[in-house]
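Below is one structure; the comments refer to it alone.
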Amino acid sequence: MNDILDLPAERDLPPEAGHAMRARILGSVRPRPARTARLRAAVAGVVLLAVASGVAAVVWQRPDRSPVQVLAMGAGELSPTLRDAAERCLWWNSPQRQTRQNPSERPVPVSLADLAVAIERGDRALVLFMNDVGYATCDVEWAGTARESGGGATEPWPHGEWLPGPVQRLLLTSTESDGGDVTVSGRVSRRVHRLVLDHGDGHTTAARLSEGAFGLMTSDAKLKAGNAPGLVSYDANGTEIDRRPLFQAEDQLERCYAGPDGKRIYGKPTSGCRPAEKWRG
C-alpha cells in the first residue's frame, strides 16, 4: 500500500501569534541573493516564505505529531484530502491569485496532471507540481477546514533541464527556525537512485523518488542546524555521489555548476565548476 502525501488546511492565527512568528522567521533567515525564486502565494498572512536559488523556506507551527504518513506520486493516487490540498495549491498559484514583484513575470501553467509528489502526515501536507516549463509547490496545514493555512511558490525553471548537480531542492519547510521537523521537495537527475536526509545525529529519513521528483517529511526528528543535516544522494551501486547541507541555499554552496557551454549557472563564482546534470536526462 502506498503512502500518500496530502495538503494540510489553512489556519488563522491570532494577530499577536502571527506577528511573533514573523519576527522569529525574519531573525533566522539570511538575506536572499539577488537572483532568487519569489513568493507566489501566502494565505491568511500566517506563513512567511524566504526564497533563495529556487528554494523556498517556510517556518510553521503545528500542534500534532501524527506518525502516520500518506504518499502519492501522481494524481491517480490521491486520497480525498490530498486532492483537496492539491486543488488548493493550484488555486493559490493561479494567475488570478498571484501577486508578483515583477509584473512581467508569468505564472507557471500547471494542472493536476502535473502532480509529481504529494505527502501528508497528520495536519501537514506538501504537494509539488512539475512540467517542462517550471514548478509550483505548496505547504498546507489543516486543508479543507476553517483553520486552513499555508503558502507556496511557483517559478519557471531558471536553466531549463539543467540541475545544480544530482539534486535541486525546491521547497524546504521547518517547524523551528533552526530545525525541528522538515518537509523537503525537489527534483533529481537520473543518476540518483536513492536520496536520504542525514540528520547529523546518527538518524536518517529516506526520500521518495518518482520520475525525477522527490519528497520527504520527518516526524519528531528534532533536527538541529548545528548537527549539519544534509541531503545525501546515491547511485544505482549504492555509492554516495553528492552530499549538501540541508539549510544552505544553493547559491551559497562553495562549489559551482556549469552548463554544457562551460559557463557557471549555479553556485558561487569559483573556479573548477562541476558539470550541471540533466533532469530526466
Side-chain angles (χ1 to χ4, degrees), residues 2-5 37 40 51 53-56 71-78 86 89-90 93 106-119 126-138 152-172 183-197 206-217 230-244 246 249-251 253 255-267 273-281:
N2 281 343
D3 290 80
I4 304 180
L5 307 167
R40 303 307 185 190
V51 188
S53 307
V55 178
L71 171 71
M73 292 301 191
E77 300 178 1
L78 290 174
C89 185
L90 290 174
N93 287 296
R106 295 176 300 171
V108 175
V110 294
S111 68
L112 198 60
D114 296 315
L115 182 69
V117 176
I119 304 174
L126 166 74
V127 291
L128 170 63
F129 300 89
M130 299 195 306
N131 57 31
D132 292 338
V133 177
Y135 73 92
T137 185
C138 294
T154 179
E155 186 187 34
W157 301 123
H159 302 291
E161 60 190 353
W162 298 104
L163 311 182
V167 179
Q168 183 174 36
R169 191 185 62 189
L170 299 175
L171 181 71
L172 166 65
T183 301
V184 191
S185 66
R187 57 179 183 165
V188 297
S189 73
R190 285 191 181 276
R191 285 208 301 152
V192 179
H193 282 249
R194 182 169 174 254
L195 178 67
V196 302
L197 170 60
R208 297 300 184 98
L209 303 179
S210 177
E211 298 183 356
F214 78 85
L216 68 86
M217 182 178 286
L231 292 173
V232 187
S233 306
Y234 299 88
D235 65 14
N237 297 318
T239 302
E240 181 178 316
I241 57 176
D242 185 79
R243 180 181 290 263
R244 58 189 61 193
L246 176 65
E250 288 166 351
D251 276 358
L253 294 175
R255 55 184 179 265
C256 60
Y257 298 90
D261 59 0
K263 294 182 179 180
R264 179 181 62 87
I265 56 177
Y266 292 107
C273 289
R274 301 179 185 183
E277 298 193 22
K278 199 173 183 180
W279 180 38
R280 299 173 175 169

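Just so it is clear, the structure is predicted and the values come from calculations on it, not from any experiment.
By the side-chain hydrogen bond (donor to acceptor under 3.5 Å, both in side chains) test, Y234 pairs with no residue at all, sequence neighbours left out. A search for salt bridge (Lys or Arg N to Asp or Glu O under 4.0 Å) contacts involving R274 returns nothing, not counting sequence neighbours. The side-chain hydrogen bond (donor to acceptor under 3.5 Å, both in side chains) test applied to R244 returns D242, Y257, not counting sequence neighbours. Not counting sequence neighbours, the partners of N237 by the side-chain contact (heavy atoms from CB on, under 4.5 Å) test are D235, T239. Considering only residues two or more places apart in sequence or on other chains, E240 meets the side-chain hydrogen bond (donor to acceptor under 3.5 Å, both in side chains) condition with R243.
Closest non-hydrogen pair, L170 versus L128, comes out as CD1-CD1, 3.9 Å. Nearest heavy atoms, G215 versus V117: CA-CG1, 4.0 Å. In terms of heavy-atom proximity, A116 sits nearest to M130 at CB-CE, 4.1 Å. Here the shortest heavy-atom pairing between Q168 and F214 reads O-CE2, 3.9 Å. For the residue pair V108 and P156, the shortest heavy atom distance occurs at CG2-N, 3.3 Å. Closest approach of C256 to R264, counting heavy atoms only: CB-CD, 3.8 Å.
Under the 4.5 Å side-chain criterion, counting only non-hydrogen atoms from C-beta, S185 is not in contact with Y135. Contact check for L171 versus V184: no side-chain heavy atoms found under the 4.5 Å cut-off. When side chains are defined from C-beta on, V110 counts as touching N131, because their heavy atoms get closer than 4.5 Å. Residues W157 and D132 form no side-chain contact, since every pair of their non-hydrogen atoms from C-beta on lies 4.5 Å or further apart. At least one side-chain heavy atom of K278 sits less than 4.5 Å from a side-chain heavy atom of W162. Considering only heavy atoms from C-beta on, T137 stays 4.5 Å or farther from V127 through its side chain. The closest side-chain heavy-atom distance from L126 to C138 is not below 4.5 Å. By the 4.5 Å heavy-atom criterion applied to side chains, R187 and L163 are counted as neighbours.
Between E277 and R191 a salt bridge is recorded (basic side-chain N to carboxylate O distance below 4.0 Å).
Judged by a 6.0 Å distance limit and a 45° cone about the ring axis, R190 is not positioned over the six-membered ring of W279.
Listed by first then second residue, pairs satisfying salt bridge (Lys or Arg N to Asp or Glu O under 4.0 Å) with a partner in residues 108-119 number zero, not counting sequence neighbours.
S233 contributes no side-chain N or O that, together with a main-chain N or O of L195, makes up a donor-acceptor pair within less than 3.5 Å.
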- request: Take V192 and I241, measure what side-chain contact (heavy atoms from CB on, under 4.5 Å) needs, and give me the verdict at the end.
  value: CA-CA 8 Å; V192 179; I241 57 176; 4.2 Å; yes
